[in-house]
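First comes the structure, then the notes that go with it.
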Amino acid sequence: MRAVRFSVTTAVATVAALTVITGCTEKSDAKGGGSGAIRVTATDDGCKVSKTEFPAGHVELAVENKGSRVTEVEILFPDDRIVSERENIGPGTKHTLTAEVKSGDYRIACIPGMKGKGHRQDVKATGGKAAKRDPRLDKAVAGYRQYAQEQADQTLPKVKVFTDAVRAGDLDAAKKAYAPSRIGWERTEPVAESFGDIDPKTDTRADGLEEGQKWTGWHRLEKALWKDKKIGAAEKTLATQLDKDLTDWQQRVGKAEITPTSMANGAKELLDEVATGKVTGEEERYSHTDLVDFKANVEGAEQAYTLLKPVASENDAALTKELDKQFAALDTLLDKYRKDKTGYDFTSYDKVGKAQQKELSDAVNALAEPLSKLAAAVVK
């Protein structure tokens with residue numbers, strides 16, 4: 001779903017790379033907002049920024065939602081590519097966003113209701129030099145880039161099995177191929193969503209559509225297969241469009257700008273995706289294949305963590321010990337719902353009771369809290 005964590009390199013903006021470290025706190029224990037912070041006040045009809053120009057380097061955004069609706073705050077390049085964002089900022093809460101920025105132009109956007117373009121302020125980071133990076137982190141980035149490309153490459157054949165079944169009008173075969181076609185996407189969702197024009201076409205739910213947006217992609221076909229229980233000419237056309245859009249994604253993965261902190265933040269956001277979409281059963285509301293997506297999100301987060309662990313463990317051994325513990329606990333819990341012990345045939349989520357859902361939610365939260373500290377641990 002739409003929640004972008006990684007920036008994208010293009011010919012016009014490679015000089016404006018932004019490395020973001022995020023952390024959030026509720027109003028009762030917010031510790032951010034020092035005298036040098038850029039204060040961002042989000043309201044239902046505005047986005048007030050205390051400074052529009054600041055030195056490049058260490059930057060802290062102290063965000064407060066004074067509106068009546070949940071909001072998100074985004075850092076954008078001038079061409080609207082999302083560099084980083086913080087979603088689900090409730091009314092009356094405060095969050096901090098700490099960044100290491102290079103000189104360049106950006107926008108800060110506050111989006112009440114988390115739909116549309118929201119309210120924006122232009123800002124500029126001036127001067128500054130790139131910090132020297134541990135070569136082990138360069139190795140981690142290279143490893144993750146290779147992982148993301150492999151997932152995209154492996155996804156296309158699985159998608160074709162799904163879309164071929166749709167074009168053949170074979171309802172049962174299409175249902176069987178649906179969940180496997182999404183695994184690679186879900187593992188690398190932060191990278192996949194960084195190409196903002198692809199995610200809305202492939203992975204948007206009906207309630208996530210912008211005004212005037214045509215509903216296409218996986219979830220539109222999911223509804224046809226499980227709720228409408230029919231495949232018509234429109235669905236066959238949509239299947240071909242899905243092939244095209246995901247081929248576009250696969251060809252662009254190598255252009256994603258990936259940094260150690262964006263890997264860490266992306267891992268945390270994958271857990272947020274689980275918490276807000278999979279545990280609730282909203283993501284796969286017709287097929288109830290949420291646990292397949294759930295497992296893939298966790299695998300993607302764990303891959304990023306594993307690659308960053310050599311540096312993080314030196315900087316914060318207690319943190320990596322806790323992350324090892326919580327990843328293992330969540331993996332063990334998910335294994336209880338596997339039908340085939342090692343594959344991706346999971347219990348249908350509509351068969352998972354409320355108490356079991358709470359157990360899953362608690363395990364996700366127990367992992368998400370220490371995972372939110374991983375970005376800081378790799379840049380100490």
Tell me, yes or no, whether the heavy-atom count around K236 atom NZ, taken from other residues, nucleotides or ligands under 6.0 Å, exceeds 12. yes
Could you verify whether a donor N or O on one side chain and an acceptor N or O on the other, from S262 and T259, lie under 3.5 Å apart? yes
In terms of side-chain heavy atoms, does N365 have a donor or acceptor partner in E369 at a distance below 3.5 Å? no
Can you get from [X] to [Y] by hopping between Ile, Leu, Val, Met, Phe, Trp and Tyr side chains that sit under 4.5 Å apart?
| X | Y | result |
| --- | --- | --- |
| Y344 | V159 | yes |
| I183 | V161 | no |
| V73 | F54 | yes |

Which pair of heavy atoms, one from [X] and one from [Y], lies closest together, and at what distance?
| X | Y | answer |
| --- | --- | --- |
| L308 | P260 | CD1-O, 3.7 Å |
| A37 | S50 | O-OG, 3.9 Å |
| V378 | A312 | CG1-CB, 4.1 Å |
| V364 | A275 | CG1-CB, 4.2 Å |
| I111 | K117 | CG1-O, 3.9 Å |
| G67 | P91 | O-CB, 3.3 Å |

Distance (rounded to the nearest 0.5 Å) between [X] [atom1] and [Y] [atom2]:
| X | Y | atom1 | atom2 | answer |
| --- | --- | --- | --- | --- |
| E74 | I108 | CD | CD1 | 11.5 Å |
| K244 | T216 | NZ | OG1 | 11.5 Å |
| K160 | L246 | NZ | CG | 13.5 Å |
| D248 | D243 | CG | CG | 12.5 Å |
| L367 | D362 | CG | CG | 13.0 Å |
| R145 | L307 | CZ | CG | 12.5 Å |

Result for salt bridge (Lys or Arg N to Asp or Glu O under 4.0 Å) between E186 and one of K278, K158, K295 points to K278
Test: [X] and [Y] ion pair at under 4.0 Å:
| X | Y | value |
| --- | --- | --- |
| D272 | K268 | yes |
| R252 | D197 | yes |
| K175 | E222 | no |
| K336 | E359 | yes |
| D203 | R182 | yes |
| K309 | D324 | yes |
| R285 | D207 | yes |
| R136 | D134 | yes |
| R338 | D345 | no |
| E210 | K115 | no |

From CA spacing to verdict: side-chain hydrogen bond (donor to acceptor under 3.5 Å, both in side chains), E299, Q303: CA-CA 6 Å; E299 287 177 336; Q303 177 68 18; over 6 Å; no
Please answer whether the main-chain N or O of [Y] pairs with a side-chain N or O of [X] as donor and acceptor at a distance below 3.5 Å.
| X | Y | value |
| --- | --- | --- |
| D290 | Y349 | no |
| Q326 | A368 | no |
| E53 | K124 | no |
| Q356 | G353 | yes |
| Y305 | T320 | yes |
| H119 | D44 | yes |
| T71 | I89 | no |
| T43 | G46 | yes |
| N65 | R69 | yes |
| Q357 | V352 | yes |

If you define the side chain from C-beta out and look only at heavy atoms, does anything of [X] sit under 4.5 Å from [Y]?
| X | Y | answer |
| --- | --- | --- |
| V274 | V279 | yes |
| P190 | E273 | no |
| I231 | R167 | no |
| V298 | L270 | no |
| V40 | C47 | yes |
| T204 | H219 | no |
| E64 | R39 | no |
| T247 | Q251 | yes |

Would you call the rings of W185 and W218 parallel, tilted or perpendicular, where under 30° means parallel and over 60° means perpendicular? perpendicular
Within the 6.0 Å centroid threshold, strictly below: Y178 and F162: yes
Would V123 and K51 count as a side chain to side chain contact (heavy atoms under 4.5 Å, CB included) here? Give the steps. CA-CA 8 Å; V123 296; K51 300 177 184 178; over 6 Å; no
side-chain hydrogen bond (donor to acceptor under 3.5 Å, both in side chains) with E235: of K230, K223, R220, only one passes, and it is R220
Evaluate D153 against Q149 for side-chain hydrogen bond (donor to acceptor under 3.5 Å, both in side chains), listing each step before the verdict. CA-CA 6 Å; D153 293 346; Q149 188 66 63; 2.9 Å; yes
Under the side chain to side chain contact (heavy atoms under 4.5 Å, CB included) rule, what do Y337 and L360 come out as? Steps first, then yes or no, please. CA-CA 11 Å; Y337 298 93; L360 287 164; 4.1 Å; yes
Under the side chain to side chain contact (heavy atoms under 4.5 Å, CB included) criterion, do D331 and E302 qualify, and how do the steps go? CA-CA 10 Å; D331 286 335; E302 193 163 8; 3.0 Å; yes
Please walk me through it: do N265 and E269 pass side-chain hydrogen bond (donor to acceptor under 3.5 Å, both in side chains)? CA-CA 6 Å; N265 290 327; E269 293 295 345; over 6 Å; no
Could you walk me through whether F294 and L330 pass the side chain to side chain contact (heavy atoms under 4.5 Å, CB included) check? CA-CA 11 Å; F294 189 144; L330 184 52; 4.1 Å; yes
